[in-house]
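Everything below concerns the one structure shown next.
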Amino acid sequence: MLDQLDAVLDEARAALAGVADEAQLRDQEVHFLGKKGALTALMKGMRNVAPADRPLVGQRVNEVRAEITSAIEARRSELEAARIAALCDDPDFDATLPLAGPPRTRSVGALHPLTQVTRHIEDVFRAMGFHLLDYPEVETEFQNFDSLNIPATHPARDMQDTFWLKNGNLLRTHTSTGQVRAMRELGPPFRAIFPGRVFRYEAVDASHEHTFHQCEGLMVDRHVSVANLIHSMKTLLSNIFERDVTVRLRPGYFPFVEPGFELDIQCQVCGGKGCAVCKQSGWVELLPCGLVHPNVLRHGGLDPDEWEGWAFGLGLSRLVMMKYQIEDIRHLLGGDLRFLSQFRQG
Ligand code: FA5
């Protein structure tokens, strides 16, 4: 039995030396170590070995198996090294190409629909002489509330549920935080937009996210008018939708504007019939606005007897929903590529 084991080992070594590629190597692996292989066949003869000799023979079987296994691995490494060396010597070999399988198509990224619409808005307002500004998402309580005529005791603070940070700062609940910053930075007269992400601690549904996008518009001059504000908003909407959309203007209350308005758009998802997005009303709140409150101008370092302003706070995420008739706001930041790939351009 021991002689037979040595013979199998010698046979294996000779066979492995003659193996030319991985396929042949696998054949030999099966031939010597497989379930029906030479070593297994030998082991069946164990029952004929005298009981006293079995431990010794068993140990030798294990040694032979280990030696054949390591000889196979060594041969595998040699073959792989030889294959790579041959490739390196081949002048036609291109290491950047996939080695096997069908040719891969390159997947091309695309701008997120929110980014596309934001850029469109920026173009429209830049053409009308507006600055493009960018402000922090982490803000002070003063900037988010007090500077906008919303003192701590004001019930309007409850209108926007807030994510507070441990250090007393907060995640901005609206882009209006930039109003006073812009007044102080630019000095009047000026006109500016500041798009960005905002956060609210509120229940999420088809038209409400905890993280969404707004775009603030602000114009300060000696004399501004509601007519001018409405014209700017109409220009925005006609450029974005490139089709007629029905809107309505109604009075709205915000402590930082006086008078204040709400511009609603007829729901583009259901065509005004009523759905989950518009909560069966047929209308979606889109563009609150108004004339800047004198207290806000004062916080911006401006004399309200000398300067006037108008502002709007566009619900940018909702605008994207309306433009593309998206039936749930949660698709926007959900990260599902099947959804996003629909907005690939060109
Ligand atoms: C504001 O945030 C004011 N800062 C807007 C403003 C600016 C008024 C300047 C006057 C002058 P409001 O909370 O209504 O207002 O939000 C503005 C818009 O953001 C809404 O009309 C809506 O389109 C959108 N919006 C509000 N909450 C959510 C939400 N949870 N998810 C998605 N969009 C929202």
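When a ligand or atom number is given, it counts from 1 through the structure's own listing order. Please read these numbers as outputs of a predicted model, since none were measured by experiment.
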### Query
If you measure from each heavy atom of G252 to ligand 1, is any distance below 4.0 Å?
no
## Note on the structure
Among F256, W310, F312, closest by heavy atom to atom 10 (C) of ligand 1 is F256
### Message
Using a plain distance cutoff, I'd like to know if R200 has any nitrogen or oxygen under 3.5 Å from a nitrogen or oxygen of ligand 1.
### Response
yes
### Message
Under 4.0 Å, counting heavy atoms only: does Q179 come that close to any atom of ligand 1?
### Response
yes
### Message
Under a plain distance cut-off of 3.5 Å, with no hydrogens placed, do N295 and R298 share a side-chain donor-acceptor pair?
### Response
yes
### Message
Any nitrogen or oxygen of T173, side chain or backbone, less than 3.5 Å from one on ligand 1?
### Response
no
### Query
G260 near ligand 1, heavy-atom distance under 4.0 Å?
no
### Task
Verify the ring-centre separation between F125 and F312: is it less than 6.0 angstrom?
yes
### Query
Any nitrogen or oxygen of E262, main chain or side chain, under 3.5 Å from a nitrogen or oxygen of ligand 1?
no
### Side chain, backbone, both or neither: the part of H174 lying under 4.0 Å from ligand 1 by heavy atom
side chain
### Message
One residue to check: L314. Relative to ligand 1, which of side chain, backbone, both or neither has a non-hydrogen atom less than 4.0 Å away?
### Response
neither
### Query
Between F339 and H331, is the gap from one ring center to the other below 6.0 Å?
yes
### Message
Under 3.5 Å, is there a donor on one side chain and an acceptor on the other for Q24 and R75?
### Response
no
### Query
Would you say S317 has any N or O atom under 3.5 Å from an N or O of ligand 1, going by distance alone?
no
### Query
Below 6.0 angstrom between ring centroids: does that apply to F199 and F163?
no
### Query
If hydrogens are left out, which of Y201, F199, F261, F212 has an atom nearest to atom 34 (C) of ligand 1, that is, the closest non-hydrogen atom?
F212
### E202 N/O under 3.5 Å from ligand 1 N/O
yes
### Per-atom contacts of ligand 1 with S207, taking only distances under 4.0 Å to non-hydrogen atoms
31 (N), 32 (C)
### Task
Would you check whether Q214 has a nitrogen or oxygen atom less than 3.5 angstrom from a nitrogen or oxygen atom of ligand 1?
yes
### Task
For G313, take its heavy atoms, then give the atoms of ligand 1 lying under 4.0 Å from any of them.
5 (C), 6 (C), 7 (C), 9 (C), 17 (C), 18 (C)
### Message
Among L132, L111, I193, L316, exactly one meets side-chain contact (heavy atoms from CB on, under 4.5 Å) together with T118. Which residue is that?
### Response
L316
### Task
Compute the minimum heavy-atom distance from H210 to ligand 1 and say whether it is under 4.0 Å.
no
### Query
For ligand 1, which atoms sit closer than 4.0 Å to a heavy atom of V257?
10 (C), 11 (C)
### Message
Are the side chains of P113 and L340 in contact, using a 4.5 Å heavy-atom criterion?
### Response
yes
### Which atom of L16 lies closest to which atom of A71, heavy atoms considered
CD1-CB, 3.6 Å
### Of all pairs that satisfy side-chain hydrogen bond (donor to acceptor under 3.5 Å, both in side chains), the ones with a partner from residues 211-227, not counting sequence neighbours
T175-Q214, T175-E216, S176-E216, Q179-E216, R222-E306
### Task
Decide if the gap between the ring center of H299 and the ring center of F142 is smaller than 6.0 angstrom.
yes
### Task
Flag the pair Q4 / L2 as yes when at least one side-chain heavy-atom distance between them is below 4.5 Å, and no otherwise.
no
### Query
Counting only heavy atoms, which portion of H208 has something under 4.0 Å from ligand 1: side chain, backbone, both, or neither?
both
#### Entry: G217, S176, G309, P255: member with heavy atom nearest to atom 4 (N) of ligand 1
S176
